Amino acid sequence: MTADVRADVVVVGGGPAGLTAAADLARTCRVVVLDREQQAGGIPRHSDHPGYGLRDLRRVLSGPEYARRLVAAAQDAGADVRTGWTVTGWAGERTLEVTSPAGRLTATGGAVVLATGARERARPARLVAGDRPAGVLTTGQLQQLVHLQHRSPGTRAVVVGSELVSWSAVLTLREAGCRTVLMTTDRPYGEAYAGLRMPASAGLRVPLLTRARVARVVGREQVEAVELEEVGTGRRRTVECDVVVFTGGWIPDHELVRLGGLDLDPATLGPRVDPALRTSSDGVFAAGNLVHPVDTADVCALDGRHVAAAVRRWLEAPRQPGAGVELAAEPPLRWVAPSVWRPGEPGPARGRLLLWPEERVLAPVLVAVQGGRQVGRVRLPWPAVPGRVLRVPSSLVSGVRADAGPVRIALG
Amino acid sequence: MSDVLEVDVAVVGGGIVGCAVARELAGRDVSVALVEARGDVGDATSKANTAILHTGFDAVPGSLESRLVARGYALLSAYAEQAGIPVERTGALLVAWDDEQLDALPGLRAKAEKNGYTRTRLVGADEVYARVPALGPGALGGLEVPDESIVCSWTAALAYATEAVHRGAHLLLRHRVSAIEVGPARTLLTTDRGAVSARWVVNAAGMGADVLDRMLGFDRFTVVPRRGELIVFDKLARPLAPTIVLPVPSSLGKGVLVSPTVYGNVMLGPTAEDLDDRSDTSTSEQGLSSLLEKGRRIMPSLLDEEVTTTYAGLRASTEHSDYVVDVDAGMRYVLLGGIRSTGLTASMALAEHVVGLMESAGEPLAERPGLPPVPRMPMIGEAFPRPYADAARIAADPEYGRVVCFCERATAGEIRDALYSTIPPTDLDGLRRRTRALMGRCQGFFCGAEVARLLEDGGR
Ligand SMILES: Cc1cc2nc3c(=O)[nH]c(=O)nc-3n(C[C@H](O)[C@H](O)[C@H](O)COP(=O)(O)OP(=O)(O)OC[C@H]3O[C@@H](n4cnc5c(N)ncnc54)[C@H](O)[C@@H]3O)c2cc1C
Ligand SMILES: Cc1cc2nc3c(=O)[nH]c(=O)nc-3n(C[C@H](O)[C@H](O)[C@H](O)COP(=O)(O)OP(=O)(O)OC[C@H]3O[C@@H](n4cnc5c(N)ncnc54)[C@H](O)[C@@H]3O)c2cc1C
């Protein structure tokens, strides 16, 4: 029987964040990466279109190629990447319970990095009424169906959402010979199109219906149609289709965070982290889309590189700092990550705070307010676009004081 | 006449009731066919309910339902232990939110005693909140029913049907009965896949029981589908609901319950709405929003949790308040109709009752010696050891260590076992009811495609 695992660092999740952290850490310590899938690589494994690797690898790769490179880099650096290993809970402060074909085991690290990613909310979580036929998918499911299993989803699709990931769904549908007859969003405009060159260059032309929400799914065995309602007027129309793809609507895979009793950020629903990506639990770190649902893979990978430095410091001198200053986003900003600030400590990955805007603003001004006083202000040359992370220089909060209470971050 | 199957008893309807009846009769000196229209057993109302094993404390005293629910509770509790059907004795707490409801509690306690259930207890508001701290503000008091339990209706139906087959019953799936001809000694049932000739017919056709009854020339009741919609919340919500929180029936209607499930989730529902369409198990916008509204009052923090799934089931309600159960000795026919909202609990007692009715009509039903042992069903209850957490099992067969559905921790070993079981699933929904695969929070985001492949490739 395989023995329980002990390592300097146990990384849970072999996606871009976990693998990149492992590749960095493995240069100096013993690292084990545990991933529940049969292959490591995370979401890019089945996202078979270009658009990966720009900021971390400085080139544009397809998802699967990107995943392969990250796995190879981690392994070449000496990380022990174990697939088919599912972490199911905690058996101690930095000891995890694992199920694998090699047995029911524990994995203990001097430090633990959680990098379990995020998933899209499926139809039930969005409380869409109607029948429960086949053909209702998320993007993740669609891409596995098409790229991993080589199955056909159908012929006429309605794509719900117009974020980056929604266009990824459209690309996959097209490749599978399924026409996207309509893309819908409940907003007054398409969200990500503005900032995205991909759809235009790929020659995608998809009718976009704005201010519409899916009210009902129709069809007993297979999807036959969706009923759409116009936001505001309540006017209804029915669109025939045999596939519906619910895209976006991200939620971190935070089961281990909650089972471990780590502080949860009520806005991201991921663990509360500081700029070094420490969670509230000693020696437990978090990186990637678990912390910010969701940013692109390269940003997650660079989280991984960033967290490696903090993990090393912890292994050398296991000291957890005291409570930091709480950061909170104000509507129309939904969340900010990290949401704990530590004046005097190094800043976050890439020197950026990540925020999730729910409205489109062309040249947004952001302000940080602490104890009723404005302590920071930046104007961005890039727009805030719903469905995409807004990356803001962390100089916005460099004036924050350790003793002046929580900080609100708002549009100015 | 080559494709006429001859048996002593044809049980029409492979829901929980028909399966229980087939199991019981197959253990006696008669040959049995279980004739089901759908591709699986337990695929209609029996798969979409609130899955509470009722004590019968609130039944109508003196009714057949009252008697059979109490008896069924005892029978199924005992059988569940033998067969490995998940049951958790969580108890229930009726919570009063206004004076009318508070005043009704002593009456409910008295009614429970008339139903032969003596263990209810009136509790004050403090104790109500001590038991269920997540309740919303405004609870005035409650009535505790310590023996109400939760059960897995999927495993129960499957266990009955599996044992029936082991005892020699013919399981005829995808056999919809479309006509019945009663002769002097035998009755001929026409189905879309050949005929069945039986001396006795048991009608356990649920939503279709009145249609079948009319095929036999009766006109005594009409089934009205009463839809119940439910919302299932994420497992991470489970600590919020340590017990079943029941509404107190009042002039405002029946209210909804919040209940833990044996799979470790929390459910909110059901609604109650009469429909025309007997096959309409869709959810409605109105139903879901009314559940949210009620849930917000009962347990506000529950609504902060993620929704894992929603579904609807149809109760076979009729113009009668009690079960519509009858035997016709001349036609050798037993009717089990209007098994509305307690059929899961009463299933084994209904089966026992059928034996009594047939014997009283002159059919000797001696128990057969040397029956096979009770089947041990795969364990899908959260409160029991499951394969993914069973070191010895994984060591013996690594396929139990290969988790396929991550949210529910269903393993490749369990999926393979289901596909090679006595009654294998024929579709994803059937596989889900046997293994929990795909019923978790991601609803297939991660494993949907892989599970579909396993189903097609026979689990490899
Ligand atoms: C359809 C789609 C298209 C996209 N397109 C692009 C694009 O073009 N360009 C781009 O840059 N980004 C894109 N993204 C986003 C990108 O895929 C993610 O940002 C990135 O994968 C996140 O990395 P991660 O490491 O945080 O998490 P993930 O990639 O989600 O990896 C998490 C890993 O953790 C494992 N895991 C989770 N829980 C456990 C557990 N309990 N035990 C063991 N292992 C566990 C999982 O199996 C998984 O491998 C896209 C995303 C989607 C869904
Ligand atoms: C919302 C809701 C909540 C409930 N909660 C509970 C609860 O907590 N506890 C409890 O004990 N009970 C509960 N019930 C009730 C319980 O689910 C039912 O009483 C029970 O499932 C009925 O089982 P059945 O076998 O009679 O019917 P069904 O499960 O409907 O089975 C009838 C079968 O007959 C078949 N059939 C019909 N016509 C034909 C034909 N012509 N030829 C062949 N086959 C045919 C159908 O295909 C079907 O499979 C609830 C019900 C609902 C709807």
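Below, read A as the first sequence line, B as the second, and so on, with proteins coming before strands; counting in each chain starts at 1. From a predicted model like this one, the values you see are computed outputs, not experimental measurements.
Side-chain contact between A:Arg123 and B:Gln443 is absent, with no heavy-atom pair separated by less than 4.5 Å. Between B:Phe445 and A:Asp253 there is no side-chain heavy-atom pair separated by less than 4.5 Å. A 4.5 Å side-chain heavy-atom check between B:Lys235 and A:Glu255 finds every atom pair outside the cut-off. A:Thr99 has its side chain out of reach of B:Arg409: every pair of non-hydrogen atoms, C-beta onward, lies at least 4.5 Å apart. Taking the side chain as every heavy atom from C-beta outward, A:Val128 and B:Thr283 never approach each other to under 4.5 Å. Side-chain atoms of A:Thr88 and B:Val403, non-hydrogen and from C-beta on, never get closer than 4.5 Å to each other. Residues B:Leu236 and A:His254 have side chains in contact (heavy-atom distance under 4.5 Å, counting atoms from C-beta outward). Contact check for A:Arg151 versus B:Glu456: side-chain heavy atoms found under the 4.5 Å cut-off.
For B:Leu173, the side-chain contact (heavy atoms from CB on, under 4.5 Å) partners are B:Glu36, B:Val41, B:Leu171, not counting sequence neighbours.
With chain A as partner, the option from B:Arg393, B:Arg453, B:Gln286 having the largest number of non-hydrogen pairs under 4.5 angstrom is B:Arg453. For chain A, the option among B:Gly413, B:Gly448, B:Gly444, B:Ala392 with the highest count of heavy-atom pairs below 4.5 Å is B:Gly444. Residue with the most contacts toward chain B among A:Val146, A:Ile43, A:Thr138: A:Thr138 (heavy-atom pairs, distance under 4.5 Å). Note: B:Ser282 leads B:Ala452, B:Gly287, B:Ser282 in heavy-atom pairs under 4.5 Å with chain A.
When heavy atoms are compared at a cutoff of 4.5 Å, A:Arg119 approaches chain B by way of both its backbone and its side chain. Looking at A:Ala129, the atoms closer than 4.5 Å to chain B (heavy atoms on both sides) sit in the backbone and in the side chain alike. Only the side chain of A:Gln149 comes within less than 4.5 Å of a heavy atom of chain B; its backbone N, CA, C and O stay farther away. Both the backbone and the side chain of A:Leu127 come within contact range of chain B, judged by heavy atoms closer than 4.5 Å. For A:Arg220, the part lying under 4.5 angstrom from a heavy atom of chain B is the side chain only. With a threshold of 4.5 angstrom between heavy atoms, A:Gln143 does not approach chain B through any atom at all. For A:Leu142, no part sits under 4.5 Å from any heavy atom of chain B, backbone or side chain. Neither the backbone nor the side chain of A:Leu137 has a heavy atom closer than 4.5 Å to any heavy atom of chain B.
Here CZ of A:Arg36 is found 15.0 Å from CZ of B:Arg402. Values are rounded to the nearest 0.5 Å. The CD atom of A:Gln144 lies 9.0 Å from the CD atom of B:Glu450; values are rounded to the nearest 0.5 Å. Summarising the geometry, atom CD belonging to A:Glu37 is positioned 4.0 Å from atom CZ belonging to B:Phe406; distances are rounded to the nearest 0.5 Å.
B:Pro398 approaches A:Pro101 most closely through the heavy-atom pair CB-O, 3.4 Å. When all heavy atoms of A:Pro124 and B:Val307 are compared, the closest pair comes out as O-CG1, 3.5 Å.
A side-chain donor from one of B:Thr309 and A:Arg132 sits under 3.5 Å from a side-chain acceptor of the other.
Judged as a ring-ring contact (aromatic ring centres under 6.0 Å, His included), the pairs with a partner in residues 263-294 of chain B (not counting sequence neighbours) are, in order, B:Trp154-B:Tyr263.
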